[in-house]
2 protein chains.
Amino acid sequence: MEHVILGFLTMGDMTGYDIKRLMSISTSFFYDASYGSIYPALRKLEERGLVKSSEAIESGRLRKVYSITDEGREEFLRWLGGPPGESKFKYDFLMRMFFFAHLPKEKIEAAVTQHLSEIRAVSKKLEMIEFAVRGKADIYQMYTLRFGKDFFAFLQSWFERFLDELKNGNPGEPGVEKGDTL
Amino acid sequence: MEHVILGFLTMGDMTGYDIKRLMSISTSFFYDASYGSIYPALRKLEERGLVKSSEAIESGRLRKVYSITDEGREEFLRWLGGPPGESKFKYDFLMRMFFFAHLPKEKIEAAVTQHLSEIRAVSKKLEMIEFAVRGKADIYQMYTLRFGKDFFAFLQSWFERFLDELKNGNPGEPGVEKGDTL
DNA sequence: TTATTCATGTAATTTGTTACATGATTCT
DNA sequence: AGAATCATGTAACAAATTACATGAATAA
């Protein structure tokens, strides 16, 4: 988390609010943080000398603008270049799906349908973001966004097929379908 | 978390150790828990009357076998049928990737290569699990597993292409490639 | 005989969320 | 006038990890 904030501050000086806003239009589909974690993190980073802040009143509003220090930059690069440590991935819906056998068919279909509409919403959002961000982001940031688009497209087609098989009855068991590369 | 444990206990009576073992061969690719969260959760569930335990000494070893109560079953079904609440998904590697511009090319390629080998390892594990579990799991559990296989296959091909584009230089920017459906 | 698996658990810490509290400014 | 956005922050709580501590049984 602290490293993520340092990363955002390498893009320019920002307030906590700015960081949150930037996250929501760039990384929110795989990483998002609340103010309750951003502000305390910034304070801790300042205590450790990795960022510094300057308060200013811009158009009547108090803004506490943070910037990354040289030590902060070093720490950020140490993290980025360091060992990745098993990249965990989490996906809550799958846990429910794992236990769907306890649910009547209509409820399963309703749950999957709703999940699909969430997926479509994220897809749409990502496309808007890509449009808005074009030119401003570097290639790796564009690749990350691209990953998001591709991933949600994958999810969409997977769950569409799943829903279809639930409704129409599928020929063969899920794991032993004809045409499978086994 | 508590609901996940309840879910596992609907499959049969188990010890905390058993739950962890079952997780590792079924849901670990998207959900895994440590003993430090399983045992305290079981105690809380027992306090709330959702599970009950019986201690027995089997072949010299103390085993505290938990079973789900009727109230536990109700609670589990309430959760499963209830509102899903935005299914978050998290994927740490993407955060590093987002900032790859700060890293020299060799380090980026090394990181992606290593990540790919992790992905391949999980793929392999999932295939073994599918084989081992065939017949024992219900269709939704098989679908969940299938999702895992398909997802990791997607990851593999995505990052293989990414690595290829990094090495060979890609024709066009990531977001505006020829052949893209835009 | 030694390492691994089986088996249970606690304590400290980390990490983060949700809800609350406050208030000015700017858009409608 | 009122809603939304900009802006900062705290406090209570929740969830879970890591490391530690213990010990018997079994497989190599």
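Note that the structure is predicted; figures quoted are calculated from it, not measured.
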Candidate pair A:Glu55 and A:Arg63, rule salt bridge (charged side-chain N to carboxylate O under 4.0 Å, His left out), full reasoning: CA-CA 6 Å; A:Glu55 276 167 76; A:Arg63 275 170 62 86; over 6 Å; no
Does A:Gly60 reach a base, just sugar-phosphate, or nothing at all? Heavy atoms under 4.0 Å. sugar-phosphate
If we ignore angles and hydrogens, is there a donor and acceptor under 3.5 Å between the side chains of A:Ser28 and A:Lys125? yes
When rounded to whole Å, the CD to P distance for the pair A:Glu58 and C:dT25 reads 13 Å
Sub-4.5 Å side-chain heavy-atom contact between B:Phe100 and B:Lys105: no
Under a 4.0 Å heavy-atom cutoff, the residues of residues 2-29 of chain A touching DNA chain C are none
When you measure from the side-chain N and O atoms of A:Ser34 to the phosphate of C:dT17, is any distance below 4.0 Å, counting only OP1 and OP2? yes
Name the orientation class of the two ring planes belonging to B:Tyr91 and A:Phe89 (parallel below 30°, tilted from 30 to 60°, perpendicular beyond 60°). perpendicular
Does A:Arg61 have a side-chain nitrogen or oxygen under 4.0 Å from the phosphate oxygens OP1 or OP2 of D:dT8? no
Among A:Phe152, A:Phe162, A:Phe93, A:Trp158, ring-ring contact (aromatic ring centres under 6.0 Å, His included) partner for A:His115: A:Phe93
Between C:dG16 atom C1' and A:Ile38 atom CD1, what is the distance in whole Å? 11 Å
If you check the A:Lys90 side chain, which of D:dT10, D:dA16, C:dG9 turns out closest? D:dA16
May I ask you to evaluate whether A:Tyr39 reaches the phosphate of D:dT8, defined as a side-chain N or O under 4.0 Å from OP1 or OP2? yes
Distance test, side-chain N/O of A:Tyr31 to OP1/OP2 of C:dG16, below 4.0 Å: yes
Starting from C1' on C:dT25, measure out to CD1 on A:Ile57 and report it in whole angstrom. 14 Å
A:Met1 side-chain proximity, nearest of C:dT10, C:dG16, D:dA7: C:dG16
Tell me, do B:Thr15 and B:Lys64 make a side-chain contact under 4.5 Å, heavy atoms counted? no
Measure the distance from CG on B:Leu42 to C1' on C:dT10 and round it to the nearest whole Å. 15 Å
Side-chain contact check for A:Lys64: nearest option of D:dT8, D:dA7, D:dT10 is D:dT8
Distance check needed: D:dT17 P versus B:Asp32 CG, whole Å only. 8 Å
Below 4.0 Å: OP1/OP2 of C:dT15 and any side-chain N or O of A:Ser37: no
Would you kindly give the CG-to-P distance between B:Leu45 and C:dG9, to the nearest whole Å? 14 Å
Is the gap between the ring centers of A:Phe99 and B:Phe76 under 6.0 Å? yes
Take the protein atom NZ of B:Lys44 and the nucleotide atom P of C:dG9, then report the distance between them rounded to whole Å. 15 Å
A:Lys88 has an atom NZ; how far is it from atom P of D:dA16, in whole Å? 12 Å
